[in-house]
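Note that the structure is predicted; figures quoted are calculated from it, not measured. Naming convention: chains lettered A, B, ... in sequence-line order (proteins, then strands); numbering from 1 in each chain.
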Amino acid sequence: MKKDLRFLVVDDFSTMRRIVKNLLNDLGYANVAEADDGKTALPMLQAEPYDVLITDWNMPGMPGLDLLKAVRSDPKLAKMPVLMLTAEAKRDQIVEAAKAGVNGYVIKPFTAQVLAEKLEKILAPAA
Amino acid sequence: MSATPVSATLQQQWGEVCLALREALEAGDEALFLEAVDRLTGMRERGLWDSLRQLDARLRAALDQFRLDPRLLRLAGQEIPDARARLDHVLKLTDEAAHRTLDLVEGSTPLVARTAAAAATLGAECKEARESGAASPYWLELLGRLESHFAAAHADGETVKTNLVEVLMAQSYQDLSGQIIRRVIELVAQLEDELARLVQGSERAVSGNRHAPPAAEEGSRGFGPAVPGISVSTVDGQQDVDELLAMGVAMKGM
């Protein structure tokens, strides 16, 4: 697995961004940027090359689902692997996220092992 | 065929205007006829207006009572804004506590990692020295004990590292409880708004909750963490999520 991949972690809670960043560091990924909602994240994604997007769903400003749709409709970003890391647990929502093109969906609270497994799975084609 | 008996009240109430209508019609006098029609509809609507006036008076009295209820005034003016401020403070406190814990985890993890790695190296060196055959019985016994100690120190260090990851993960409570608290803050703010409008006695108080967020926006924004006993149609664990995700992906291609 490539360890120099560039991650963008989007969550409105700074504690959760820090937790995910630490877990990614433990997995050997040191290149991790942060944004606190979709509105901040989208210009970052458009301005600089990121390899993986990890986003929350429920955020003020632009929610994660809207960010996912914006990413999928941008030709430059459309193929980017997107992992949704969220407390949103309604069955319809997960199906909706899948239809919008999410690559992985991890429900909070999660374990370090589940995050590692899902990341490995969505990165497998690129590795 | 005999005429239906007309009650004296009806005759008294409507007779005159009906006669005026009939006379105007027979005379072909449009102005008189329309004047009689106006009189007739006016008489018909008077009852409705009387009822509406009574309803309005009762509504105003009820609103006045709301305005005058000191408990309600205190709730709207002080206690509900206080409740929001308290919840905001809870969010701030849990955020600070979680970050403080994360500071300590981030500070401790490299220390224990370094100690565990050093123990592993020193343990291997002790083993090598013990097995070289050059050591006296005293050193052989001491090297054996040191080797055991370093092996235990390495294993303990690894356990502490694993526990620190668990401590890190446990801080996600701040995000989960924070999302639930934020939702309650939003609801309290809406309640405060509605109460304020009711207390002002404005007509808008009865015109519906225009401040409630539209349902579509609510869905896109999300519903927050599942709350036992409240949330419906939520998944049961990560495996359930994986199955639904696969189903959604399959539906996407259809």
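With a threshold of 4.5 angstrom between heavy atoms, A/D11 approaches chain B through side-chain atoms but not through N, CA, C or O. The parts of A/S14 that come within reach of chain B are both its backbone and its side chain, each placing non-hydrogen atoms under 4.5 angstrom from that chain. Heavy-atom distances place no part of A/M62 under 4.5 Å from chain B, backbone and side chain included. If you measure heavy-atom distances from A/D37 to chain B, you find no contacts under 4.5 Å at all. Heavy-atom distances place both the backbone and the side chain of B/V235 under 4.5 Å from chain A. The parts of B/L168 that come within reach of chain A are both its backbone and its side chain, each placing non-hydrogen atoms under 4.5 angstrom from that chain.
The local environment of CG in B/D236 is sparse, with at most 12 non-hydrogen atoms from other residues, nucleotides or ligands closer than 6.0 Å. Within 6.0 Å of CD on B/E128 lie no more than 12 heavy atoms contributed by other residues, nucleotides or ligands. Around CZ of A/R6, the count of heavy atoms belonging to other residues, nucleotides or ligands within 6.0 Å exceeds 12. Around the NZ atom of A/K39, the shell of radius 6.0 Å holds no more than 12 heavy atoms that belong to other residues, nucleotides or ligands.
Side-chain contact between B/V241 and A/V106 is absent, with no heavy-atom pair separated by less than 4.5 Å. Between A/R91 and B/T234, every side-chain heavy-atom pair lies at or beyond the 4.5 Å cut-off. Considering only heavy atoms from C-beta on, A/K118 comes within 4.5 Å of B/D242 through its side chain. Counting only heavy atoms from C-beta outward, the side chains of A/L23 and B/M169 approach each other to under 4.5 Å. Side-chain contact between B/P225 and A/K108: absent, with no pair of heavy atoms (C-beta onward) separated by less than 4.5 Å.
Considering CD of B/Q179 and OG1 of A/T86, their distance stands at 6.5 Å, rounded to 0.5 Å. Expressed to the nearest 0.5 Å, how far CD1 of A/I19 lies from CD of B/Q174 amounts to 8.5 Å.
In summary, A/D12 and B/R182 engage in a salt bridge, as defined by a charged side-chain N under 4.0 Å from a carboxylate O. With respect to B/D103 and A/R18, a salt bridge is recorded, a charged nitrogen being found less than 4.0 Å from a carboxylate O.
For the options A/D26, A/N25, A/I94, heavy-atom pairs under 4.5 Å to chain B are most numerous at A/I94. The candidate with the highest count of non-hydrogen atom pairs below 4.5 Å against chain A, out of B/T101, B/T94, B/D95, B/D240, is B/D240.
In this structure, B/Q238 contributes its side chain and A/Y105 its backbone to a donor-acceptor pair below 3.5 Å.
Across B/S172 and A/P109, no two heavy atoms sit closer than the pair OG-CB, 4.4 Å. Considering every non-hydrogen atom in both B/L176 and A/A87, the closest pair reads CD2-CB, 3.6 Å.
A/T15 and B/H99 share no side-chain donor-acceptor pair at under 3.5 Å.
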